[in-house]
Amino acid sequence: MVNIRLKDGTIKEYESGVTVYEIANDISGGLARVALGATVNGKTFELNDKIECDSEVSILTFNDDEGKRIFRHTSSHILAQAVKRLYPDVKLAIGPAIENGFYYDFDADFVITQEILDKIEAEMKKVIKEDLKLEKFYLPRDEAVKFMEEKGEPYKVELINDLQEDASISFYKQGGFTDLCAGPHLQSTGKVKAIKLLSVAGAYWRGNENNKMLQRIYGSSFTKKSELDEYLNMLEEAKKRDHRKLGKELDLFSIQDEGPGFPFFHPKGMVIRNELESFWRKIHVRNGYKEIKTPIILNEELWHRSGHWDHYKENMYFTKIDGENYAIKPMNCPGGILVYKNKMHSYRELPIRLGELGLVHRHELSGALHGLMRVRNFTQDDAHIFMTPDQIKEEVLGVIRLTDYVYKLFGFDYHVELSTRPENSMGSDEDWEHATNSLIEALNAAKLEYKLNEGDGAFYGPKIDFHLKDSIGRTWQCGTIQLDFQMPERFDLSYIGPDGEKHRPVMIHRTIFGSIERFIGILIENYAGAFPVWLAPVQVQIMNITDNQINYVKTIENKLLDDDIRVEVDLRNEKIGYKIREAQMEKIPYMIVVGDKEMEKGVVSVRHRKLGDMGTMTIDEFLDMINQKINGKVAE
RNA sequence: GCUCAUGUAGCUCAGUCGGCAGAGCACUACCUUGGUAAGGUAGAGGUCACCGGUUCGAUUCCGGUCAUGAGCUCCA
C-alpha cells in the first residue's frame with residue numbers, strides 16, 4: 001500500500017501501482033474527466049503513470065500551467081502527425097508547448113502558405129476525431145537512431161545523438177505516427193477539443209543563425225471551443241492597444257521611411273516624454289543623484305579604451321571630423337566616466353550618483369526593429385554610481401527600490417532576470433564572481449524572485465534586468481542594474497581613501513525606464529492610450545454648444561491655462577455629440593461643455609471619458625478636482 | 001541579417017484575369033446654432049513604395065531595391 005497526500009492535505013491509502021487517473025477518479029468523477037496529469041513529488045506524471053511509493057500528488061487540469069503544457073504538447077504532436085500525413089517528405093525538428101500555445105518546426109522544400117495551413121488544420125481535426133491513443137515506449141540508443149534513420153528524420157537522429165549517455169530514450173506513438181519525445185502527454189488525441197493554427201514563421205534549427213532556417217507553425221489549443229474563441233478575441237482586443245496603432249491614431253509619434261528605427265516625436269508625444277522626464281528628475285534629486293549631459297559624438301580612441309571597440313563595434317555608428325575618427329555613442333558610460341575623472345575624489349564624496357538622459361544610437365538588425373520598443377536611437381534614463389566596494393549592496397538595493405517604486409506607480413507587473421558572464425567579455429573570473437554574488441545578495445535582501453539568464457550579461461559585468469509586458473504579453477527589458485569592475489580599471493578611476501592612498505571605485509550602470517521610447521511604448525499599451533491625467537497630452541477639452549458662448553469658453557480656457565492645465569478648445573460649428581465623440585476617441589480625460597445655461601450661472605458641465613456626465617460645478621471646483629488627480633498621479 | 005507575407009488618397013481598405021483608379025472617415029466651402037459618442041450639400045486630394053524588364057500599352061506580369069508586419073537571431 002502507498003500513502004498519497006493530496007493538495008488539500010488529506011492522506012489516502014491506495015494499492016501500490018495505482019495510476020494517477022485512478023486517484024483522480026477516486027476523488028471525483030468530475031475531476032477524472034478534466035484531469036490531464038498530475039504533479040507527483042514535484043515531477044509531472046501522465047494519467048496512466050503508476051505510483052509505487054508514498055507521494056504528494058496534485059491532479060493537474062487545464063487551469064494549471066503544467067496541465068496546459070501537457071495538453072499543448074500533445075497538440076503539437078497532432079500538428080506533426082497531420083503534416084506527415086499530408087506531406088510525408090517533410091522533416092520534423094522540434095515541437096514544444098509554449099506560453100499560450102505550441103509550435104512545431106518543419107523542414108519542407110516548399111513554402112507553407114495560408115492554404116496549406118488550412119489544409120493541415122483540417123487534417124488535425126481528423127486526427128482529433130479519430131481519438132488516437134498515445135502509447136509510450138523506450139528504445140536503446142542504437143535502435144532509436146536506427147528507427148529515426150529509417151524514417152528519414154535527420155533532425156531527430158541529431159537530437160538522439162546529443163542526448164546524455166544515461167538518458168532513457170522515449171517515443172510516443174499515436175496511430176501511424178511516432179515521435180521522439182520525453183513527454184508527458186495526454187492519453188489520446190480526442191481530448192483536444194479546440195485547436196487553431198495561427199501563423200508560420202522562419203526559425204533557425206536549434207536557434208543558431210548558422211543553421212538552416214526551418215518553417216515554424218504556431219498554434220494554440222483549448223479544452224473548449226469557447227475558450228479558444230475567448231483567446232482569439234483577446235488577441236484581437238490586444239491588437240487595438242498596439243502602441244504603433246495608437247501612436248498614429250493619437251498623433252504621438254511616427255516612424256518614417258527616411259529614418260527606419262529613428263522615431264519622430266509629435267507635440268502630443270512630447271508632452272508625455274517631458275512629463276516622464278520631469279518626474280524622473282524629481283525622484284532622482286530626491287534620491288541623491290546629480291544630473292549630467294555628455295556628448296553624442298566622441299573620439300574613437302575613447303571607445304578603444306572602454307572596450308566597446310572590441311566588444312560592441314558591430315552595433316556602433318562612426319563618423320569622421322577633420323580627418324579624425326569619431327564614434328556616435330551607443331552607451332553613456334564612457335562620457336560619465338570622463339566627468340568623474342575630471343577631478344580628484346575623496347571617499348567622503350562616495351557614492352557619487354551621476355544621472356544622464358542620454359541619447360544613444362545602436363545599429364540594431366533591420367528585422368529586429370519594432371515601433372518604439374526596439375529602435376536605433378533612444379534616450380536612456382541612465383545613471384552611473386561610483387562607490388567603494390563596501391557600498392555595493394546598499395547601492396544596488398537603492399536602485400531596486402527606486403525601480404520598484406516607479407513600476408508600482410504605473411501599476412506595472414514586472415519580472416526580474418539575473419544575467420551572468422557572457423562568452424565575449426572582459427575581466428577576471430574572480431571579479432565576475434564577486435560582482436554576480438553582490439547582485440544575488442541584493443536581490444535576496446530585496447526578497448525579489450528572479451530568473452537566471454546564464455551568459456546574457458553585459459561585456460563588462462553581470463546585470464539585473466527588469467522586464468515589462470506589452471499588450472500581447474511579449475516582455476521587454478526596461479530597467480537594468482549592471483555591476484562593473486572593468487571600466488574603473490580601464491579608465492584608472494580612483495578615489496582617495498581615509499588612508500590618504502588612491503583606491504579603485506566600483507561602478508553601477510543603471511536605468512529605470514530603460515529607454516524613454518520603449519517605456520512610452522509600454523505605457524501606451526498598458527493604458528490603451530487612455531493616459532492618467534498627469535500624463536495626458538490634452539487634459540481638458542472645452543466645447544461650446546453655440547457661438548453664443550465663445551467668449552465664455554475663452555475665459556475658462558485662460559483660467560485653466562493660468563493653472564498650467566493642458567487645455568484645448570473646440571469652437572467648431574458642430575453638434576455637441578459630434579465634438580464629444582471626437583474628444584472621446586482622443587481619450588481626453590475631461591471634457592467641459594458650456595451652453596447658455598452654464599454661462600448664465602457661471603459654471604461648467606464636466607464630462608469624464610469613462611464616468612460620463614458628472615454634472616455642473618464651478619471652475620474652481622473643477623480645478624481642485626483635476627489638480628488633485630494630477631498631483632497625486634492618480635491612475636484614472 | 002535570415003524566412004515568409006505586405007506596400008493603392010492624411011487614415012482604414014476595395015479594385016484592375018494588362019487598357020488613362022474607387023469607398024468610408026478626415027480635410028475645405030456653404031447650409032444648419034444644434035445640449036452629452038457621427039446633421040446636410042458640394043469640393044479638393046493619388047507618378048497605385050522606388051528602380052529596371054516584358055508589352056502597342058504596366059498600378060496589375062517578371063527582377064531588383066527600400067520600408068513595414070510575424071517569427072528567428074540580437075538586445076534598452
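Lettering of chains follows the sequences in order, A, B, ..., and the numbering in each one begins at 1. Keep in mind that what you see is a predicted model, and the values were worked out from it rather than measured.
- Within the 4.0 angstrom heavy-atom criterion, no nucleotide atom of any strand lies near A/Leu214.
- Closest to the side chain of A/Gln477, out of B/A67, B/G71, B/A76, is B/A76.
- For A/Tyr289 and A/Trp280, the ring centers sit 6.0 Å or farther from each other.
- Within the 6.0 Å centre-distance limit, the rings of A/Phe410 and A/Phe412 are counted as a close aromatic pair.
- Between A/Arg510 and A/Glu395 there is no salt bridge, since none of the side-chain N atoms of the basic residue sits less than 4.0 Å from a carboxylate O of the acidic one.
- Between atom CG of residue A/Asp613 and atom NE2 of residue A/His608 there is a gap of 12.5 Å, rounded to the nearest 0.5 Å.
- As judged by a 4.0 angstrom heavy-atom cut-off over every strand, A/Arg244 is placed among residues touching the sugar-phosphate backbone only.
- Here the nucleotide nearest the side chain of A/Lys463, chosen from B/U68, B/U12, B/A76, is B/A76.
- Counting non-hydrogen atoms under 4.0 angstrom, A/Ser366 reaches a base of the nucleic acid.
- If you check every strand for non-hydrogen atoms under 4.0 Å, A/Arg474 touches sugar and phosphate atoms only.
- Looking at A/Tyr204, its side chain has no donor and acceptor atom pair within 3.5 Å of the base of B/G71.
- Both tests do not hold together for A/Arg72 against A/Phe102: distance to the six-membered ring centre under 6.0 Å, angle to the ring axis within 45°.
- Whole-Å rounding puts the A/Leu369 CG to B/A76 C1' distance at 13 Å.
- In this structure, A/Phe106 has its ring center at least 6.0 angstrom away from the ring center of A/Tyr87.
- Distances shown here put every side-chain N or O of A/Lys212 at or beyond 4.0 Å from the OP1 or OP2 atom of B/U3.
- The closest donor-acceptor contact from the side chain of A/Lys248 to the backbone of A/Ser254 lies at 3.5 Å or more, if one exists at all.
- Looking at heavy-atom distances under 4.0 Å, A/Met591 makes no contact with the nucleic acid at all.
- In the model, A/Tyr204 has no side-chain atom that pairs as donor or acceptor with a side-chain atom of A/Asn210 under 3.5 Å.
- For the pair A/Asp257 CG and B/G69 P, the computed distance is 11 Å after rounding to whole Å.
- Note: A/Phe262 and A/His361 have tilted aromatic rings, judged against thresholds of 30 and 60 degrees for the angle between ring planes.
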Look for any protein N or O under 3.5 Å of an N or O in nucleotides 34-37 of chain B and output each such pair with its distance, or none.
| unit_1 | atom_1 | unit_2 | atom_2 | d |
| --- | --- | --- | --- | --- |
| B/G34 | N7 | A/Ile545 | O | 2.5 |
| B/G34 | O6 | A/Asn573 | OD1 | 3.4 |
| B/G34 | N1 | A/Asn573 | OD1 | 2.6 |
| B/G34 | N2 | A/Asn573 | OD1 | 3.4 |
| B/G35 | O6 | A/Asp596 | N | 3.2 |
| B/G35 | O6 | A/Lys597 | N | 3.2 |
| B/G35 | N1 | A/Glu598 | OE1 | 2.8 |
| B/G35 | N1 | A/Glu598 | OE2 | 3.2 |
| B/G35 | N2 | A/Glu598 | OE1 | 3.4 |
| B/G35 | N2 | A/Glu598 | OE2 | 2.4 |
| B/U36 | O2' | A/Arg607 | NH1 | 2.9 |
| B/U36 | O2 | A/Arg607 | NH1 | 3.3 |
| B/U36 | O4 | A/Ser605 | OG | 3.3 |
| B/A37 | N6 | A/Gln584 | NE2 | 3.3 |

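- When the P atom of B/G71 is taken as reference, atom CG of A/Asn100 falls 12 Å away, rounded to whole Å.
- The CD atom of A/Gln215 sits 8 Å away from the C1' atom of B/C4 (whole-angstrom rounding).
- Here the P atom of nucleotide B/C72 and the CD1 atom of A/Ile112 are 16 Å apart, to the nearest Å.
- At whole-Å resolution of the value, NZ in A/Lys248 and P in B/C13 are 9 Å apart.
- At a threshold of 4.0 angstrom between heavy atoms, the contacts of A/Val360 with the nucleic acid are absent.
- Under 3.5 Å, the side chains of A/Ser425 and A/His311 contain no donor-acceptor pair of N or O atoms.
- Residue A/Tyr218 is in sugar-phosphate contact alone, with no base atom involved, counting any heavy-atom pair closer than 4.0 Å across all strands shown.
- For A/Glu275 (side chain) and A/Ala536 (main-chain N/O), no donor-acceptor pair under 3.5 Å exists by modelled atom type.
- Counting only heavy atoms from C-beta on, A/Glu364 has its side chain closest to B/C74 among B/C74, B/A70, B/U12.
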Let me check I have this right: for RNA chain B, each base becomes ., (, ), [, ] or |, based on Watson-Crick or G-U pairs with both distances under 3.5 Å. What is the full string? (((((((..((((.....[..)))).(((((.......))))).....(((((..]....))))))))))))....
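- What separates CG of A/Asp251 from C1' of B/C25 is a distance of 16 Å, to the nearest Å.
- The phosphate of B/A76 (OP1 or OP2) has no side-chain N or O of A/His467 nearer than 4.0 angstrom.
- In this structure, A/Ile98 places its CD1 atom 15 Å from P of B/A70, rounding to the nearest Å.
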